[in-house]
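Here's the structure, in structure tokens; my notes come after.
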Amino acid sequence: MAKVIQIKDIAAYEGEEVTVRGWVYNRTGKGRLQFILLRDGSGQAQCVAFKKEMTPEDFEIARGLTQESSVVISGVVRADARAPGIPGGFEVGIQRLQLLQQADEYPISPKEHGTEFLMNHRHLWVRSNRQWAILRIRATIIKAMRDWLDDQGFLLVDTPIITPAAGEETTTLFDVDYFGETAFLAQTGQLYNEANIMAFGKVYCFGPTFRAEKSKTRRHLIEFWMLEPEIAFCSMEALMDIEEGLVCNVVEQVLAKHGQELEIIGRDLSKLAAITGPFARISYDDAVTRLKAYHAEIDDPQRKTELAIEWGEDFGSPHETALAEMFDKPVFVYHYPTAVKAFYMTPVAGRPEVCRSVDLLAPEGYGEIIGGSERIHDLDLLAANIDEMGLGREAYEWYLDLRKFGTVPHAGFGIGIERTVAWICGLSHVRETIPYARLLNRKYP
RNA sequence: UCCGUAGUAGCUCAAUUGGCAGAGCGGGCGGCUGUUAACCGCUAGGUUCUUGGUUCAAGUCCAAGCUACGGAGCCA
């Protein structure tokens, strides 16, 4: 058997006999001439069966191949501008063909399908071009984030998924039976990150997080992946510098490595090329002023209601979208009202009604992709907030310890992987950004 | 949880005023030496989401329910 190659490398084997192994993505025939578009995971190549060049048995197999049948094909690589594929432009003239399995009638035809049908067949849908492209970009986004942080001196320190108490007071948690006691699935690794920076200085955690909220929107998942850096001796301003550097690097890496995938999903590259620092930084006060001015010019009554805002209220998703549309890059909004943010965020000196929090809103209506803040490092203030929230001191004893043994100013943020992927890929829903989405009413397959 | 829309063949959809349940794709059979969602001919394929109601007659009208989609809230 000739050398087994990956289809992505096919151009390097022009004129040579090779073996490719994979699945039939599509087949079309012209009688004694059959075109088999073969996927192998790395790419796609057209394999051409001429009746005269093969045994009658092999040709009959080629002629009868169904979509997604698994095969091993040997033949000679030749350049042909007509040959479709990824990368395309080269095809394999089939000499020998081995059928591993003739696939049953494949549910996902080359025609259009509805969302419910596709999500019910997600285990097969991931084979489709568009999904293949998106999930490859997702992998690069995660790698780019991690590489950049590693290069900046951050250490990956894993945080637990089963936790004894809520990380934040607001959202609903999944509970699990922990040998007769109640434990919860993590909604953040942040509190543990705060312990870990006192050992390692700059850390991040990366893993799945869980929210039992009954959210049903294009930007929510029940199980989603978050990357959370935390930095000792860090201010909110320095935090924004880090976030900006991270996001710019991620976009740059995707543009550099995935021109092919971005083309498959039809992403407007100019929108991504525009993502370079610095990003605008506006205060919550300023954002409210801008939204009020915008609100004054709206005529549509429904939209006017949606976009109404008074100082002190948190932004809804229409507000975030309207704000983000005022910029062609991501925009930082900082100093949110203390009352709408988490208990551990530092109040602004001399103005305790706002806190040292900062969100990063992505352009094109993708909303908040990063939430971060300076954390309270004063023991008494933190303890008072925990009591005031009625969180129960016992579960937070270890967290308060961090303020007793060498507390330092520190800050951190969390970036939602799926929202970032949706934005960079220009997708209308986060369900396509994760291999197997967990949504309200969706845990299969 | 609230508001809105939809549910017909394996898939995507059509069916006029309430009057015989249809097409394309996919499947099967046959044809074709350069296809790009190939094309041509033939063919099989139905609990019209469920339950109840109105009517000579219901895919179509009414009621309740189920499911999905879109939006809101909450958030990353």
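If you're wondering where the values come from, they're calculated on a predicted model, not measured in any experiment. Numbered from 1 within each chain, the chains take letters A, B, ... in sequence-line order.
Scored by the side chain to side chain contact (heavy atoms under 4.5 Å, CB included) test, A:R39 finds A:W23, A:Y25, A:Q44, A:E68, A:R127 as partners (sequence neighbours excluded). Under the side chain to side chain contact (heavy atoms under 4.5 Å, CB included) criterion, A:E194 pairs with A:Q190, A:L191, A:E230, A:R375, A:Y399, A:L402, A:R403, A:H410, not counting sequence neighbours. By the ring-ring contact (aromatic ring centres under 6.0 Å, His included) test, A:F117 pairs with A:H113, A:H121, sequence neighbours left out. Take A:S283 and apply the side chain to side chain donor-acceptor pair (under 3.5 Å) test, not counting sequence neighbours, and it matches no residue. Residues satisfying the side chain to side chain contact (heavy atoms under 4.5 Å, CB included) criterion with A:D9, sequence neighbours excluded, are A:Q6, A:Y13.
If you check residues 17-28 of chain A against RNA chain B, the residues with a heavy atom closer than 4.0 Å are A:N26, A:T28, listed by number. For RNA chain B, the neighbouring residues in residues 33-50 of chain A, judged by any heavy atom under 4.0 Å, are A:L33, A:F35, A:Q46, A:F50. Within residues 121-144 of chain A, no residue has any heavy atom closer than 4.0 Å to RNA chain B. Near RNA chain B, meaning a heavy atom under 4.0 Å away, the residues from residues 307-317 of chain A are A:D314, A:G316, A:S317.
No N or O donor and acceptor, one from the side chain of A:R219 and one from the base of B:C74, sit under 3.5 Å apart.
Side chains of A:E228 and A:T188: a donor on one and an acceptor on the other come within 3.5 Å.
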Show every donor-acceptor pair shorter than 3.5 Å between a side-chain atom in residues 28-36 of chain A and any protein atom, with sequence neighbours excluded, or say none if there are none.
{"unit_1": "A:Q34", "atom_1": "OE1", "unit_2": "A:R27", "atom_2": "NH1", "d": "3.0"}
{"unit_1": "A:Q34", "atom_1": "NE2", "unit_2": "A:G31", "atom_2": "O", "d": "3.0"}

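Using a 4.0 Å heavy-atom cutoff across all strands shown, A:T217 reaches at least one base atom of the nucleic acid. Across all strands shown, A:E91 has heavy atoms under 4.0 Å from base atoms, whether or not it also approaches the sugar-phosphate. Nucleic acid contact for A:L221: base, since at least one base atom lies under 4.0 Å from a heavy atom of the residue. Heavy atoms of A:K52 sit under 4.0 angstrom from at least one base atom.
Taking the six-membered ring where tryptophan is involved, the planes of A:F174 and A:F210 are perpendicular, since the angle between them exceeds 60° and thus also 30°.
Rounded to the nearest Å, the gap between the C1' atom of B:G7 and that of B:G59 is 11 Å. For the C1' atom pair drawn from B:C25 and B:G65, the interatomic distance equals 33 Å after rounding to whole Å.
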Under 3.5 Å, N/O pairs linking protein and nucleotides 39-50 of chain B:
none

- [ ] Summarise protein proximity over nucleotides 1-14 of chain B in one line of letters, 5' to 3': B for base, S for sugar-phosphate only, - for none, counting protein heavy atoms closer than 4.0 Å.
- [x] B---------SS--
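Using a distance-only test at 3.5 Å, with no hydrogens or angles considered, no donor-acceptor pair links the side chain of A:R419 to the main chain of A:Y366.
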